[in-house]
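Since the structure is predicted, the reported quantities are computational estimates derived from the model, not experimental observations. Convention: sequence-line order gives letters A, B, ...; per-chain numbering from 1.
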Amino acid sequence: MPELPEVEVVRRGLAEHVTGKTITAVRVHHPRAVRRHEAGPADLTARLLDTTITGTGRRGKYLWLTLGDQSALVVHLGMSGQMLLGEVPNANHLRIAALLEDGTTLSFVDQRTFGGWMLADLVTVDGTDVPAPVAHIARDPLDPLFDRDGVITVLRRKHSEIKRQLLDQTVVSGIGNIYADESLWRAKINGARLASGVSKAKLAELLDAAAAVMTDALGQGGTSFDSLYVNVNGESGYFDRSLDAYGREGEPCRRCGAIMRRDKFMNRSSFYCPRCQPRPRV
DNA sequence: AGTTACTCCTGCGGGC
DNA sequence: TGCCCGCAGGAGTAAC
């Protein structure tokens with residue numbers, strides 16, 4: 001599941017390999033992959049043709065290629081999206097292919113089709129240029145301009161569970177289910193607690209933990225990475241071994257030894273230590 | 001207005 | 001063996 005570290009790994013790969021190159025052909029193999037491009041597949045391919053990629057950007061889990069005319073190709077990997085250069089190992093999940101001037105192919109592969117491409121204009125939000133569809137997304141914890149105290153103020157007003165807020169990309173971006181559980185474990189907070197009931201100091205700890213765990217994951221290349229190949233479904237992801245909470249149901253807590261538990265929450269799994277992260281009284 | 005539930009999608013694994 | 005169900009989950013949208 002690509003969250004901030006995995007998306008950043010992809011962005012860096014793209015920055016290195018496609019910046020400065022011109023797109024010479026585009027083919028949309030599956031219309032769903034461009035469903036968020038309002039003007040449709042034909043418009044997207046026509047507008048990408050003969051444009052030059054001038055740079056890359058990312059906020060949270062959104063990434064984009066700037067095209068030099070105040071527009072950008074916005075990419076969201078969704079659950080299983082991959083941006084691949086060169087050979088595509090599983091062509092039946094190929095959704096979009098773009099040919100670059102040097103003969104290489106940039107492919108968007110996406111098994112579950114939650115991700116996609118769209119073209120959008122850049123807009124200035126809070127002093128930073130982002131594509132219009134990303135304007136509502138909050139800064140992520142690795143953004144140099146991330147306002148931790150500002151987020152804490154927002155969280156203190158939320159009458160909603162803290163994990164739900166961690167996953168709300170308009171509050172703080174880049175965090176998905178895995179890194180939410182990891183952050184909560186590091187800060188010793190149960191995700192079912194009300195955000196408004198968590199002290200400012202604890203919220204600061206939590207946001208610092210989120211930044212730290214995602215930095216750690218990024219240092220290990222995300223979950224699994226080889227050049228531009230990101231294996232989103234890979235079992236043996238590099239960072240998997242470093243996970244302290246996610247997927248560890250029934251195993252001993254690495255901090256106190258208590259048996260880790262799993263609860264259903266927001267229709268997804270939450271892994272936590274019942275001793276370090278006691279559930280709130282109902 | 002703030003918060004929550006629903007929906008999209010595919011492949012895999014468990015149970016019968 | 002084969003079928004069905006549940007699960008994985010990011011994020012927009014509908015509904016409370």
**Message:** Which residues in residues 189-198 of chain A have a heavy atom closer than 4.0 Å to any atom of DNA chain C?
**Reply:** none

**Asked** Below 4.0 angstrom from OP1 or OP2 of B/dT10, is there any side-chain N or O of A/S80?
**Response** no

**Item:** Close side-chain approach of A/V75 to A/F108, heavy-atom, < 4.5 Å
**Value:** yes

**Prompt:** Are A/T113 and A/R35 linked by a side-chain donor-acceptor pair shorter than 3.5 Å?
**Reply:** no

**Item:** Interatomic distance where NE2 belongs to A/H93 and C1' belongs to B/dT10 [whole Å]
**Value:** 7 Å

**Message:** Other members of the hydrophobic cluster containing A/F265, with the 4.5 Å side-chain heavy-atom rule, please.
**Reply:** A/L167, A/M266

**Request:** Given salt bridge (Lys or Arg N to Asp or Glu O under 4.0 Å), test A/D126 with A/R139 step by step and report yes or no.
**Result:** CA-CA 10 Å; A/D126 194 23; A/R139 291 186 191 275; 3.7 Å; yes

**Prompt:** Do the charged groups of A/D110 and A/R32 touch, with an N to O distance under 4.0 Å?
**Reply:** no

Polar atom pairs (N or O), protein with nucleotides 1-4 of chain B, under 3.5 Å:
{"unit_1": "B/dT3", "atom_1": "OP1", "unit_2": "A/H159", "atom_2": "N", "d": "2.9"}
{"unit_1": "B/dT3", "atom_1": "OP2", "unit_2": "A/K158", "atom_2": "NZ", "d": "3.3"}
{"unit_1": "B/dT4", "atom_1": "OP2", "unit_2": "A/S160", "atom_2": "OG", "d": "2.7"}
{"unit_1": "B/dT4", "atom_1": "OP2", "unit_2": "A/R164", "atom_2": "NE", "d": "3.3"}

**Nearest-angstrom distance from the residue atom OH of A/Y246 to P of C/dC7** = 13 Å

**Prompt:** Nearest-Å distance, NE2 (A/H30) to P (B/dC9)?
**Reply:** 8 Å

**Request:** Check the side chains of A/N190 and A/K163 for a donor-acceptor pair under 3.5 angstrom, ignoring hydrogens and angles.
**Result:** no

**Message:** Suppose we screen for side chain to side chain contact (heavy atoms under 4.5 Å, CB included). Which residues come up paired with A/S199, at least two apart in sequence or across chains?
**Reply:** A/A201, A/K202

**Heavy-atom protein contacts under 4.0 Å, nucleotides 10-16 of chain C, coded B base, S sugar-phosphate only, - none** = BSS----

**Message:** Between A/D181 and A/R186, does any side-chain N to carboxylate O distance fall below 4.0 Å?
**Reply:** no

**Asked** Separation of A/D110 atom CG from C/dG9 atom P, in whole Å?
**Response** 16 Å

Using residues 55-62 of chain A as the side-chain source, report each donor-acceptor pair under 3.5 Å to any protein atom, sequence neighbours left out, with the distance given to one decimal.
{"unit_1": "A/T56", "atom_1": "OG1", "unit_2": "A/R11", "atom_2": "NH1", "d": "2.8"}
{"unit_1": "A/R58", "atom_1": "NE", "unit_2": "A/E8", "atom_2": "OE1", "d": "2.6"}
{"unit_1": "A/R58", "atom_1": "NH1", "unit_2": "A/G60", "atom_2": "O", "d": "3.0"}
{"unit_1": "A/R58", "atom_1": "NH1", "unit_2": "A/D140", "atom_2": "OD2", "d": "3.1"}
{"unit_1": "A/R59", "atom_1": "NH1", "unit_2": "A/I137", "atom_2": "O", "d": "3.4"}
{"unit_1": "A/K61", "atom_1": "NZ", "unit_2": "A/I175", "atom_2": "O", "d": "3.1"}
{"unit_1": "A/Y62", "atom_1": "OH", "unit_2": "A/R36", "atom_2": "NH1", "d": "3.3"}

**Request:** Could you check how far CD of A/Q111 sits from P of B/dT10, rounded to whole Å?
**Result:** 9 Å

**Message:** Just verifying a value: how many Å separate A/L65 CG and A/T52 OG1, rounded to the nearest 0.5 Å?
**Reply:** 12.0 Å

**SB check A/D244 A/R248 (cutoff 4.0 Å)** = no

**Message:** Rounded to whole Å, how long is the line connecting atom CD of A/Q82 with atom C1' of B/dC9?
**Reply:** 16 Å

